[in-house]
Amino acid sequence: MKRVVVRIITDPLLWLFALLLALIFGMTSLGGLFHWMFPALSRPVYQQESFAALVQAHLLLVSISSLIAVVIGVAAGVGVTRPAGKEFRSLVETLVAMGQTFPPVAVLAVAVPVMGFSEKPAIIALVLYGLLPVLQGTIAGIESVPASAREIAQGVGMSRGQMLRKVEIPLAAPVIISGIRTSVIINIGTAAIASSVGTLSLGSPIIIGLSGFNTAYVLQGAVIVALLAICVDMVFERWSHWLQRWQQRSADESVR
C-alpha cells in the first residue's frame, strides 16, 4: 500500500496535470507575476476568453482532426498492405507525404476563401498534417507481424478479414498507437494556428499577443499548449506500454 501511494505521489504525469489545471483555472491570479515580468504592459494577463474555454475548444479541434486522420490513415495503411493494394502503396505514401509538406498556413490561405473563416479550414490543415505518422505507423505495424502468426491463423481456417481483425491489428497495435501518438502531438501544437482564421483555440492569446506586441499573452498560450502536449504524450506512452504488457501476457498464456 505504501509503495502504491509513493508511486502515485512521485508520478510526473500527476504533477504535470496538476500544474496544467492550476494554470488553466488560475492564470488570472498570476497578474502580479506577469506585471513584474513585463512592467511595460498595461494588461499582462489574457482575459478575452477564459483559458478553460480555450483548452476545451483546442481539444475539440484536435480531437475531430485527429479522429479523421486516424480513420483515413489506418484505412489507407491497411489497404496498401493487402495483396490487392500493394501496387498503390508508393502512390498513397507520396500523396500523404505531399500533404505534410504543405505548410498549414498555406492550406488555410487556400481553404479560407472557399470555406470562410471557421473551423473547417483548420480541420483540413490539421488532417493533412497528421496523416503521415498514422499511415507510416499502420504500415510498419502490420509489416512487423510475424509470418508464423499469419500461418497459424491460416492453419485454423481464418479468412483474411478475420486474420486482420484478430491477429494483425492486435499485434500491430503498439506500433499503430505510436503513429497516432505522433500525429496527435503534432496537431496539439499546430492547432494554435487555427486562431488566425477566427477559430477559438489556445492560439488566440498567441496570435493576439504577436499582433499587439504582448509577449505575456504569447507566453501564457505557449506554456499551456506545451504542457497539454506533454501530458497527452505521457498518456499515450503509458497506453502503449500497457498494450505491450497485455500482448506479452497473452503470448505467455498461449505458450502454457
Side-chain angles (χ1 to χ4, degrees), residues 16 20 23-24 27 34 38 41 43-73 95-137 179-236:
L16 284 172
L20 176 63
L23 289 177
I24 291 173
M27 187 70 76
F34 284 106
F38 306 97
L41 299 176
R43 298 180 60 186
V45 178
Y46 182 82
Q47 295 181 343
Q48 294 190 20
E49 295 92 8
S50 68
F51 279 95
L54 294 178
V55 170
Q56 182 180 2
H58 197 92
L59 288 176
L60 180 62
L61 191 64
V62 171
S63 299
I64 293 173
S65 59
S66 296
L67 179 61
I68 296 173
V70 168
V71 171
I72 296 175
L95 290 175
V96 173
M98 286 176 59
Q100 197 175 47
T101 58
F102 283 107
V105 176
V107 177
L108 293 178
V110 174
V112 165
V114 178
M115 299 182 175
F117 288 89
S118 65
E119 296 86 357
K120 294 179 182 178
I123 290 174
I124 291 175
L126 293 175
V127 169
L128 291 177
Y129 221 58
L131 267 176
L132 186 59
V134 179
L135 176 69
Q136 290 178 332
I180 295 173
R181 171 185 176 183
T182 302
S183 176
V184 172
I185 300 307
I186 289 174
N187 275 356
I188 289 176
T190 310
I193 66 165
S195 295
S196 63
V197 293
T199 301
L200 192 67
S201 75
L202 285 169
S204 298
I206 297 175
I207 299 297
I208 293 175
L210 289 173
S211 61
F213 301 99
N214 192 321
T215 309
Y217 288 5
V218 177
L219 181 61
Q220 291 157 23
V223 167
I224 293 183
V225 169
L227 282 174
L228 184 62
I230 293 172
C231 289
V232 172
D233 183 64
M234 293 179 72
V235 169
F236 269 102

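As the structure is a computational prediction, the values presented were derived from the model and not from experiment.
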- Message: With rounding to the nearest 0.5 angstrom, report the CD1 to OG1 distance, Ile185 to Thr190.
- Response: 10.5 Å
- Query: Can you name the closest pair of heavy atoms from Ala216 and Leu41 and give their distance?
  - Reply: CB-CD1, 3.8 Å
- Task: Would you give the length of the straight line joining atom CD1 of Ile224 to atom CG of Leu219, rounded to the nearest 0.5 angstrom?
- Result: 10.0 Å
- Give a yes or no answer on whether the side chain of Ser211 reaches the backbone of Ile207 with a donor-acceptor pair at less than 3.5 Å. yes
- Spacing of CD1 belonging to Ile186 relative to CG belonging to Leu126, to within rounding of 0.5 Å: 10.5 Å
- May I have the step-by-step check of side-chain contact (heavy atoms from CB on, under 4.5 Å) for Phe51 and Leu23, ending in yes or no? CA-CA 8 Å; Phe51 279 95; Leu23 289 177; over 6 Å; no
- CD-CG distance between Gln220 and Asn214, expressed to the nearest 0.5 angstrom: 7.5 Å
- Within-4.5 Å side-chain heavy-atom neighbours: Thr182 and Gln136: no
- Message: Exactly one of Ser63, Ser195, Ser201, Ser204 should register a side-chain contact (heavy atoms from CB on, under 4.5 Å) with His58. Which one does?
- Response: Ser201
- Message: Given Val55, which partner from the list Leu20, Leu60, Leu202 fulfils the side-chain contact (heavy atoms from CB on, under 4.5 Å) test?
- Response: Leu202
- Query: Can you pull the salt bridge (charged side-chain N to carboxylate O under 4.0 Å, His left out) pairs that have at least one residue in residues 43-63, sequence neighbours excluded?
  - Reply: none
- Looking only at heavy atoms, the pair that brings Ala191 and Val62 closest together is CB-CG2, 3.8 Å
- Counterpart residues, ring pair (Phe, Tyr, Trp, His ring centres under 6.0 Å), relative to Tyr217 (two or more places apart): Tyr46
- Task: Going by the side-chain contact (heavy atoms from CB on, under 4.5 Å) test, name the single residue among Leu128, Ile72, Leu131 that passes it with Val96.
- Result: Leu131
